[in-house]
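For ligands, and for the atoms within them, numbers begin at 1 and follow the listed sequence. All heavy atoms count here, side chains included; hydrogens, waters and symmetry mates do not.
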Amino acid sequence: MPDVPHETRSPLCSLKSTALSGRVRVPGDKSISHRALIFGALATGRTRISGLLEGEDILRTAAALRAMGCPITNSSGEWEVLGRGVGGLQQPDGAVDFGNAGTGVRLMMGVIAGHDMVVRLTGDASLSRRPMGRVLKPLQQMGLEVLNGGQDKLPLDIRGTTDLIPIEYLLPVASAQIKSAVLIAGVHAAGETTVIEPEATRDHTERMLAHFGAHVAATKRQGLRAISVKGDAELVGSQVYVPGDPSSAAFLAAAALIVPGSEIIIENVLINPTRTGFYTTLREMGADIAFIDERNQGGEPVAEIRVRSAKLTGVQVPAARAPSMIDEYPILACLAAFADGETRMEGLAELRVKESDRLSATAAGLIANGVDARAESDALVVRGGKAVRGGGTVATHLDHRIAMAFLTLGLGADRPVVVDDAAMIATSFPDFVPAMENLGAKFAAPEPVQ
Ligand code: S3P
């Protein structure tokens, strides 16, 4: 499937800006938002969700659940899901299109696995390039059927069953999406399903399963984390508060660090330790960052994040930290262009199978803007500290985070930085540009190419 044709793209450019200041909110966490809708649909009774991300990825998950017979309404940002109970969804009439949303489609594969239904899953050009075999494989062990032979890319036709078999599964890659799909399927299976993870990944599924009343336990097995869920579960409708997304907040924090004299406060951000590797790395680089008023909100830790601009130094980011900041490497690499010396980020093979090949896209975007950067097979190296020239056009490859990272780079570059298509930003942070503008950041429509 081709990417978006040139004439329908929405290019945008960012301009060198002066000190950013103010308080800002980021939209609800994308991972928690998908899960809140899904567990709400699998529960009995009413689930109310405050702070849900109203980005396109999440709206796709809501539409998929509606198509499977689950009423979901939104009244001025207060969402309500009338759950159907575990195993209570119905076969949708047509294909279900997940757009750009990898998390949505992979988690929903776990849901479909536990239902006696055949579903055709589709997505946009980016999603249709991404590997699905990693999720299908354990689900097939449980009883899911894939009707398209050995195919592992969308479009896919899959058949679930009400007789799922519980399994014990050692994750071959550190992926919360695989873990979550298996645990969600496990909720429907007769018996206990266990996922063992070599490295801890985001734990929102475990937390939310417990919040909805499932029996879920995390133990250590030979030093690895094993998460078990009891099947034939009864989930009970609940209230969910979705905190601000730390992955979206990362762009604002980076902007404040890049633009001299800045000081901003990002309100109500999730600070779950499985998600804060980016902020740990910023501190190691010398950033002035504080988590203020740390508190618990509906089973997840949140805080205000205060960021002041600071002189940064390059660091080595260890591979072991990758799962806790996997979506933040493009923006960290852009920030590293302003830090003195070399920043080396390791263990990034997974970046090649995100919304785009983020290792290549990030290195190419930096080079196009005069930054000394290179992608290795699973590492990214940036040498920073000189003025960032800018003036380049970045190919975003239908990837929201590439678009936001490079628009942020442009706020500190000498010449404007153009991204070829800003449309995908709506998947995770629809108000990115106005939120940045409120802090003082400058954007413009790029000069048309003759
Ligand atoms: C997510 C897990 C991560 C992350 C994605 C959201 C989730 O993907 O990149 O944006 O909500 O479980 P992987 O599981 O593929 O690492």
Note to self: Under a 3.5 Å cutoff, is there a donor and acceptor pairing between the side chains of Thr280 and Arg321?
What the structure shows: no
Check: Taking 4.0 angstrom as the limit, do Asp327 and Arg202 come out as a salt bridge?
Finding: yes
Item checked: For His34, all residues meeting ring pair (Phe, Tyr, Trp, His ring centres under 6.0 Å), sequence neighbours excluded -> none
Next item on the list: List in chain and number order the residues that pass ring pair (Phe, Tyr, Trp, His ring centres under 6.0 Å) with His115, two or more places apart in sequence or in another chain; answer none if no residue qualifies.
Entry: His188
Next item on the list: Below 4.0 Å from any atom of ligand 1, which residues have a heavy atom? Give them in chain and number order, please.
Entry: Ser31, Arg35, Thr103, Ala174, Ser175, Ala176, Gln177, Arg202, Ile326, Asp327, Lys354
Next item on the list: Establish, from distance only, whether the side-chain atoms of Thr205 and Lys179 form a donor-acceptor pair under 3.5 Å.
Entry: no
Item checked: Results of ring pair (Phe, Tyr, Trp, His ring centres under 6.0 Å) for Phe432 - residues two or more places apart only -> Phe429
